[in-house]
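We name chains A, B, ... by the order of the sequence lines, and we start the count at 1 in each one.
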Number of protein chains: 2
Amino acid sequence: MQLDERKWKILKAIIKTYLETGEPVGSRTISKYADLNLSSATIRNEMSDLEDLGYILQPHTSAGRIPSDKGYRLYVDQMMEEKDKEVTEIKEIMIQKQDKMDLILKEAAKVLAANTNYATMITTPQYRRTKLKFIQLSLVSEEQILVVVVAEGNVIKNKILRIVHNLDNETILKLNILLNSSLDGLTIEEINLSTIARLKVQAGIHSEIVNSVLDAVAEAIQMEEDIEIYTSGATNFFKYPELSDSEKASELISTFEEKKQLAALVNERNERQETGIQVYIGNETPVQTMKDCSVVTATYDLGDGMQGTIGIVGPKRMDYDKVISTLKTLMVQLDHIYHRNES
Amino acid sequence: MQLDERKWKILKAIIKTYLETGEPVGSRTISKYADLNLSSATIRNEMSDLEDLGYILQPHTSAGRIPSDKGYRLYVDQMMEEKDKEVTEIKEIMIQKQDKMDLILKEAAKVLAANTNYATMITTPQYRRTKLKFIQLSLVSEEQILVVVVAEGNVIKNKILRIVHNLDNETILKLNILLNSSLDGLTIEEINLSTIARLKVQAGIHSEIVNSVLDAVAEAIQMEEDIEIYTSGATNFFKYPELSDSEKASELISTFEEKKQLAALVNERNERQETGIQVYIGNETPVQTMKDCSVVTATYDLGDGMQGTIGIVGPKRMDYDKVISTLKTLMVQLDHIYHRNES
DNA sequence: TGTTAGCACTCGTCTTAGTGGAGTGCTAAC
DNA sequence: GTTAGCACTCCACTAAGACGAGTGCTAACA
């Protein structure tokens, strides 16, 4: 059996109604739908078919129907196609004077949560294949030197090193020049053993410092350790009865608090490359605790190979339509903000 | 009427039992207590007195008694006196190789939450009256300079400035020397208008850069904006039936997620200077949403005027004994860790 | 052949009444 | 001053019943 025009309309009506009410929807409710003009009995027949096809299901006999994961999936896929061009507007995010991306991201998570009434997460961008831009050593006190590493995209890392033998400013200057001239513009993969060996020879008696500096460099460019995940609106789960019983809510909120588990969502790289938006419904999610939820993730791209992920977690009866539009808008905005700060 | 020895013993027994079970405790339960040897009837009489005195109360007729805020308060005050010298041991916090205080604090919040089964929060240290140690300007690209400000306690701030007219390295060097010689060792209060005016005169045509740099300095030393609060174990609220109904739990967890409201706890500076530990019971708390909870805060002090706050939020029937011991131990540990990293 | 009205049936939810038990306060005796 | 005993209170739990939303099926209609 195929999904004809009418069945699709009915399915859509069921899903939409369920999204609003959160309760199983019956045939009479759907029969009142304007552009159908069918009696409840007819609807019942069609619903029975839709159930056989696996798009909807009954929580128990004599209850209405609710969409199955398969039903949601169809709905979402269909919708993504329709929405693909259109990008709606949401209010400009309030950006405080701080030009720090971190704060903006935190704010974005908050705004998103407030707007959608779902739980949200956002990661700091990951600097894949980022190049070194600048290294600076300075003598802070007699036995401490400060290492500052700037990578492409103005990612800055500091490290304080303890040193054994005294260094004078002139030596530091020389080391600075040496380091910058040897390493400038290289990616982490390009700094290999031979580069390092050459560096050490040139550094002479200060080769141990080179080691420490390289550690700092590695730390600065290495993303793994440094990826932060900001979350907001975890308590929104309480707004949806199907998720708000103690046990489920506790699990979900814990997951959000822990953050580590959320990394799984980030790392699942988007198969849906075209739009960068990925929807996981129910069991499709890589995070087990979210099996009763739907998760929508979007990848934002700031150029220079910097990418981050935004995610929204809510009940399966999520307003997919709005969520996807909002995410798209946000991605565009992040892009703007970033490039405005840049120039 | 005064609290005689026997009443005090009974009150303690009631509170202890209630701390464990979380349910109103009746006279028979207490009568079984070893070192009392009284019948339930006698206990009932005493309990009636204790109720008149306001130390315990009945949720409803024919239920057992639970401690009132006043009862908890007496219990806690008494206990703090007893525990004042003793500092117990808990397992060493796992410190990863990172020598960053931030990570340690996050970890500390987690360990504390896991250990106590309450929700915990910890603030990054606030750098009051911190002195400037070092300023470094460097040319990163043609129109960007990097400002690095190091304050006492090795707090490092970075800022990227955009510049209009080209600067050569020599000018930068001069500015560096100028800035460091004028500002080194000063606190934020000591950098006043006359200092700034003098600086600008000396900087000549580059006085606008001085402005930007001073902004960065202010930002680096200013604590307000920069105080981070890490939280952990917010879902522990679910473990205590009296806090776990949707509404209360949601409010509490929101408060923890928001973090802003938590600042109120931090800012209430400890009246109890001697130990640095402060206990708020029920309505005593400055945060309204926690009126059904108890809050224990401790101030840790890393020297150099750097202080932070650790807090634990749980049900009123909190294991005050353990919490206070644990907090004390943690404070000592933070101190150790910090000074080990320092030297 | 597709659509519809009608009806019996199912099953979850809400309400109500009833029961059991934990705990108290009071009184009288030791 | 302490204790045993008893009547009383009130919550928590359970079972039974009423209600209603929704279904599936059948028969009639266009």
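- Here D:dG1 presents its P atom at 10 Å from CD of B:E46, a figure rounded to the nearest Å.
- Non-hydrogen atoms lying under 4.0 Å from DNA chain C are contributed by B:G26, B:S27, all within residues 19-27 of chain B.
- Counting to the nearest Å, the C1' atom of C:dT24 and the CD1 atom of B:I30 are 15 Å from each other.
- In this structure, A:I56 atom CD1 and D:dG22 atom P are separated by 13 Å, rounded to whole Å.
- Counting any heavy atom pair closer than 4.0 Å across all strands shown, B:T42 reaches a base atom.
- Look at CZ on B:R6: it is 12 Å from C1' on D:dT3, rounded to the nearest Å.
- Partner of B:K291 under the side chain to side chain contact (heavy atoms under 4.5 Å, CB included) criterion, out of B:D69, B:I281, B:N283: B:N283 alone.
- Remark: of the listed residues A:I312, A:I229, A:L112, A:I229 is the sole one forming a side chain to side chain contact (heavy atoms under 4.5 Å, CB included) with A:M121.
- Scanning atom types as modelled, one donor and one acceptor separated by under 3.5 angstrom connect the side chain of A:S62 and the base of C:dT10.
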*What string of B, S and - do you get for nucleotides 25-30 of chain C 5' to 3' if you count protein non-hydrogen atoms under 4.0 Å?*
BB----
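- Pairing for C:dA28 goes to D:dT3, judged as Watson-Crick or G-U wobble with the two contacts each under 3.5 Å.
- Nearest heavy-atom pair across B:S31 and B:S40 is CB-N, 3.6 Å.
- Look at CZ on A:R28: it is 15 Å from C1' on C:dC7, rounded to the nearest Å.
- Here the shortest heavy-atom pairing between A:A234 and A:A119 reads CA-CB, 4.0 Å.
- OP1 or OP2 of D:dT3 lies within a sub-4.0 Å distance of a side-chain N or O belonging to B:S39.
- For the salt bridge (Lys or Arg N to Asp or Glu O under 4.0 Å) test with A:E46, the passing option among A:R6, A:K9, A:R65 is A:R6; the others fail.
- Distance NE2 (B:H60) to C1' (C:dA22): 10 Å, rounded to an integer number of Å.
- One can place NZ of A:K32 at 16 Å from P of C:dT4, the figure rounded to the nearest angstrom.
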*asked:* The test is salt bridge (Lys or Arg N to Asp or Glu O under 4.0 Å); show your working for B:K316 and B:D292 and say whether it passes.
replied: CA-CA 7 Å; B:K316 286 200 246 180; B:D292 295 319; 5.2 Å; no
_B:S294 vs B:Y320, side chain to side chain donor-acceptor pair (under 3.5 Å): CA-CA, chis, key distance, verdict_ = CA-CA 9 Å; B:S294 277; B:Y320 296 98; 2.7 Å; yes
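- The base-pairing partner of C:dC14, taking Watson-Crick or G-U wobble contacts with both distances under 3.5 Å, is D:dG17.
- Between A:R317 and A:E20, none of the side-chain N atoms (NZ, or NE/NH1/NH2) sits under 4.0 Å from a carboxylate O, so this pair counts as no salt bridge.
- B:F256 and B:F237 have perpendicular rings, their planes meeting at more than 60° on a 0 to 90° scale where under 30° would count as parallel.
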